[in-house]
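Written out below as structure tokens is the structure these notes cover.
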Protein chains: 2
Amino acid sequence: MARQKSEQVRKAILEAAHRLFIEKGYIATTISSIARAAGTSQSNVYVYFASKFEIAFAVFDPWLRTKIAALEANVTAQETPEERLRTLIDGLLRGIAADRSGQTLTLVQALATAKPGDEYNPDLLIWTMSRIHHMIGSALPNSDPAEREALTHSLMLAFDGIALRQNLRREEIKDSHSVDALYMMVRALVDRRALTRVQEPRD
Amino acid sequence: MARQKSEQVRKAILEAAHRLFIEKGYIATTISSIARAAGTSQSNVYVYFASKFEIAFAVFDPWLRTKIAALEANVTAQETPEERLRTLIDGLLRGIAADRSGQTLTLVQALATAKPGDEYNPDLLIWTMSRIHHMIGSALPNSDPAEREALTHSLMLAFDGIALRQNLRREEIKDSHSVDALYMMVRALVDRRALTRVQEPRD
DNA sequence: TCACATACCGAATGACATTCGCTATTGACA
DNA sequence: TGTCAATAGCGAATGTCATTCGGTATGTGA
């Protein structure tokens, strides 16, 4: 009954927020500027979203899903497991986490400044983890489940690390080194298995 | 000439901030509450520190140096390289980065909310990296320099990842898994070298 | 003892996120 | 097709901070 929310207004708010978050970051973007860019009033934004935090999450969620889906398509398209592994690590860390024209920083800033009441739905987190887990399976066939699990967690951890640094740390630390270092370690894991098999063959 | 700053007031401010940051986090701690706890006025805090950000850094710096120094003593005290490696990874990630009664979250929140003018001295970052690098040397003797370099970067990255998650991510992700996963990968790196040496001895 | 730089203080100021009181619309139902 | 209650939408508060300002008082170097 009574008046309905306009899908158009909602979209306008999200699009304005999306653009402004990328341009100025979450913290420097004000609700007032989002409202202005969306062609509505500051207070009306709160009819559509309960808080600034909620807007950030509503922007981040579809952004990340799109990125991860594209990454997965890219990984799957690779011929060899080695290529899939490199594509996965590079795409996830350099392509998504370190992307300065993306929404990763939005999430980091939103989470860092979240107030006690600011909750978020864990679905996105779980979904992302399951996609990465799946990609790792295709990049490391014949690996044992514990190993795949461990790698999934390590990659998520690296994602967070890169995300935090993206703007917050100084240039003294080069992200590229870290990504290469991680890749090197994963390869070592793979190679060990290969070597172990050579030494103690058992199929 | 003229009046001097009181070392006592400075110390009182830092001690109050230290305690409040741990209790309530950086963001939820107000300059006003720091001043009250330090027994001075809000505005006088600005005579000693240019900004809230600067206070955070002044608190974090000695805290981290103490922690890292203690870790290094602990690592050095271990008998075998294996024990040193485990002590290093566990102490750094679980003991320092994930310590909820420490100042890690302070730094994350301070960095996330830093304004353009908020600069910090990179000395601490460089010093920390060099200590970790040194500890890795003692945990992986005979490793090649590139490998040690890569591990140092990976550990710093993991540190940041854990730090970000400390309060910001949900329980859906268990940090412990990630730490174990990382340890497993480093061991794989070590083992590979051992296996490689067995296969192609050359000493 | 004098003079001045400045520690120290209480009261602004300016930015925000969020809330409030009110008006205008609109969708369900008679 | 008219009525009306829920609520979209708006402009003006509110409340919370970090930071700044204007003034006063004190310690220090001369």
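Quick caveat, the model's predicted, so the values are computed rather than measured. Within every chain, numbering begins at 1; the chains are lettered A, B, ... in the order of the sequence lines, protein sequences first and strands thereafter.
- A/D144 has no carboxylate O lying under 4.0 Å from a charged side-chain N of A/R148, or vice versa, which leaves the two without a salt bridge.
- Here the side chain of B/S51 is nearest to one of C/dA7, D/dT19, D/dG29, namely D/dT19.
- Spacing between atom CZ of B/F53 and atom P of D/dT19 amounts to 11 Å, rounded to whole angstrom units.
- To the nearest angstrom, C1' of D/dT28 lies 14 Å from NZ of B/K5.
- Of the candidates D/dG29, D/dA6, D/dT19, D/dA6 carries the atom nearest the A/A2 side chain, counting heavy atoms from C-beta on.
- Under 3.5 Å, the side chain of A/T40 and the base of D/dG9 form no donor-acceptor pair of N or O atoms.
- If you take CD1 of A/I34 and P of D/dG9, they are 16 Å apart, rounded to a whole angstrom.
- Taking atom CG of residue B/D118 and atom P of nucleotide D/dA18, one finds them 13 Å apart after rounding to whole Å.
- Between A/I31 atom CD1 and C/dT19 atom C1' the separation is 13 Å, expressed in whole Å.
- Here the side chain of B/Q103 pairs a donor or acceptor atom with the backbone of B/H18 at under 3.5 angstrom.
- With hydrogens and angles ignored, no donor-acceptor pair under 3.5 angstrom links the side chain of A/S41 to the base of D/dG9.
- Within the nucleic acid shown, B/T29 comes within 4.0 Å of sugar-phosphate atoms alone, with no base atom in reach, counting heavy atoms only.
- Whole-Å rounding puts the B/Y46 OH to C/dA7 C1' distance at 17 Å.
- Map B/Q42 and B/V9 each onto its nearest nucleotide of DNA chain C; the residue landing nearer the 5' end is B/V9.
- Here the side chain of B/S43 is nearest to one of D/dG9, C/dA11, D/dT19, namely C/dA11.
- Aromatic ring orientation, A/F53 versus A/F57: parallel (interplanar angle below 30°, classes split at 30° and 60°).
- Distances from the side chain of A/R3 to the nucleotides D/dA18, C/dA24, C/dC8 place C/dA24 closest.
- Using a cut-off of 4.0 Å between Lys/Arg side-chain N and Asp/Glu carboxylate O, B/R19 and B/E23 are scored as salt-bridged.
- For the pair A/I13 CD1 and D/dC10 P, the interatomic distance rounds to 10 Å; values are reported in whole Å.
- Atoms NZ (B/K115) and C1' (D/dA18) sit 7 Å apart, rounded to a whole Å.
- Residue contacts for A/T30: at a heavy-atom cut-off of 4.0 Å it reaches the sugar-phosphate backbone alone, with no base atom in range.
- The residues B/R187 and B/D180 are annotated as not salt-bridged, no charged nitrogen and carboxylate oxygen being separated by less than 4.0 angstrom.
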